[in-house]
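Remarks on the structure that follows.
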Number of protein chains: 2
Amino acid sequence: MARPRNRDYGELRRELIDTAGRLLAAEGPSALSTRRVAQRAGVSTTAVYKLFGDKAGLVREMFLAGFERLAEAFEAVPRTGDPLADLAALGRAYRANALSNPHLYELMFGRPVPEFEPDEEVADLIRPTYDALVEAVARCVEAGVFAPAEPEDVALRLNGLTHGLCSLELRAALGSAEEASRHWDDAFDTMLRGLAVHRADSDR
Amino acid sequence: MARPRNRDYGELRRELIDTAGRLLAAEGPSALSTRRVAQRAGVSTTAVYKLFGDKAGLVREMFLAGFERLAEAFEAVPRTGDPLADLAALGRAYRANALSNPHLYELMFGRPVPEFEPDEEVADLIRPTYDALVEAVARCVEAGVFAPAEPEDVALRLNGLTHGLCSLELRAALGSAEEASRHWDDAFDTMLRGLAVHRADSDR
DNA sequence: CGATGTTTTGTAACGACGTTACGGTACTAT
DNA sequence: ATAGTACCGTAACGTCGTTACAAAACATCG
């Protein structure tokens with residue numbers, strides 16, 4: 001004697017997340033309000049709270065959607081016989097993803113929305129994406145392209161550099177697109193040269 | 001027939017900026033409201049608007065105060081005969097400044113307050129601090145410690161890495177303080193080795 | 001089919017925010 | 001003393017996140 005069956009909310013969920021993403025991209029973080037998202041999707045604000053609990057819940061889903069996109073971009077990177085080239089391709093994929101979803105990137109790796117802070121569960125969902133990087137580094141070490149080192153440590157260094165460059169580029173601190181590409185290439189060259197096995201080490 | 005003399009507002013300005021900084025550090029970006037800042041300083045919200053125009057004006061001053069602190073930290077780094085050591089010391093000063101003023105750092109290099117975006121004038125005030133880095137790099141190149149390169153380009157690479165590492169550490173992604181220090185040292189070692197003149201280049 | 005009880009949802013409200021209009025207060029120059 | 005201007009606090013407007021409440025929708029049971 002009740003109404004136990006919930007309707008399928010998957011569609012509305014996706015629609016709201018999508019709407020929120022477009023709103024964020026179009027008008028920036030200050031436009032991302034539950035009211036406006038609901039209004040754009042043609043539902044009441046209550047619906048948002050029913051589905052996501054609060055604004056942080058909505059932002060959390062956007063956050064996860066962003067990581068899904070990044071994971072897809074990583075999976076699209078082929079695994080060739082050249083581990084160094086694969087690693088560089090991962091870096092390019094990371095950069096391209098950041099540039100084509102700047103606001104989502106800020107959401108994922110900046111701190112623009114004070115309502116939401118990633119928790120333990122979210123961290124677990126993110127880890128596999130990071131592991132792809134670690135694994136690419138491990139292949140470089142195994143192939144003898146890199147000097148022996150802990151892949152996790154090297155991945156962290158590369159991640160630091162990559163995130164820093166993304167951050168600078170999104171702030172337009174890398175100049176034009178061509179200049180930026182040059183900076184990326186140079187920075188990666190430098191870092192990879194530092195990681196490589198070089199004769200000087202064995203000479204001393 | 002008037003009241004032309006303006007009182008000296010310097011004190012109240014500093015007090016408000018300071019109060020806002022402490023509020024930001026204590027309770028995060030969401031607590032940074034003109035109302036609360038004014039209340040803490042014991043004045044009316046109108047005073048804030050009188051002195052800073054709007055909230056963005058206040059945030060702008062906080063932003064500049066943060067850069068002043070960073071500039072002071074940079075100036076405290078001595079200029080020894082070892083340009084490489086000086087460069088590393090600059091990196092450590094940057095890191096220490098970020099860690100001791102995390103919210104201010106977010107304000108300066110993240111994007112937590114959507115109300116304020118640095119303009120041209122602010123960029124000019126910041127440049128000298130960045131130039132200190134460029135100059136330190138130039139000394140390394142001149143001394144023959146680094147392979148010949150444009151100091152601006154190399155500085156950008158180092159800035160990218162440094163900012164990326166700060167960003168990761170502020171997100172607690174670098175582990176304990178000791179682990180983080182090790183990561184910093186390793187990352188800088190790697191990058192600096194990549195920038196150094198090494199025998200392998202001339203051997204080929 | 002209709003009654004029932006739960007789920008869903010829109011309306012309206014609360015408190016806090018940024019911002020500003022307004023009116024009173026304080027003070028200087030005459 | 002008075003007039004006129006700078007200053008400042010109060011209160012308001014619109015918007016925000018969030019929630020209480022009541023109406024509506026609907027699956028189950030008689």
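For the numbers below, each heavy atom of this structure counts, side chains included, while hydrogens, waters and symmetry mates do not. Just so we're on the same page: letters track the sequence lines, and every chain starts at 1.
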By nearest-nucleotide position on DNA chain C, the 5'-leaning member of B/G53 and A/G42 is A/G42
Using only side-chain N and O atoms of A/S44, determine if any of them is under 4.0 Å from OP1 or OP2 of C/dT9.
-> no
Return no unless some side-chain N or O of B/T46 is found under 4.0 Å from OP1 or OP2 of D/dG9.
-> no
Rounded to the nearest angstrom, tell me the gap between atom [atom1] in [X] and atom [atom2] in [N].
{"X": "A/F116", "N": "D/dG17", "atom1": "CZ", "atom2": "P", "value": "16 Å"}
{"X": "B/L12", "N": "D/dC7", "atom1": "CG", "atom2": "P", "value": "12 Å"}
{"X": "B/Y49", "N": "C/dA21", "atom1": "OH", "atom2": "P", "value": "13 Å"}
{"X": "A/K50", "N": "C/dG10", "atom1": "NZ", "atom2": "P", "value": "12 Å"}
{"X": "A/L32", "N": "D/dC16", "atom1": "CG", "atom2": "P", "value": "11 Å"}
{"X": "A/Q39", "N": "D/dC16", "atom1": "CD", "atom2": "C1'", "value": "13 Å"}
{"X": "B/D54", "N": "C/dT20", "atom1": "CG", "atom2": "C1'", "value": "12 Å"}
{"X": "A/R35", "N": "D/dT19", "atom1": "CZ", "atom2": "C1'", "value": "11 Å"}

Are the side chain of A/E179 and the backbone N or O of A/S176 linked by a donor-acceptor pair below 3.5 Å?
-> yes
Student check: side-chain heavy atoms of A/R193 and B/R193 closer than 4.5 Å = no
Beyond-backbone contact of B/F109 with B/L104, side-chain heavy atoms, under 4.5 angstrom = no
Starting from the 5' end of DNA chain D, give me the residue, A/S33 or B/V43, whose nearest nucleotide shows up first.
-> B/V43
A/T162-A/R157 side chain donor-acceptor pair, cut-off 3.5 Å = no
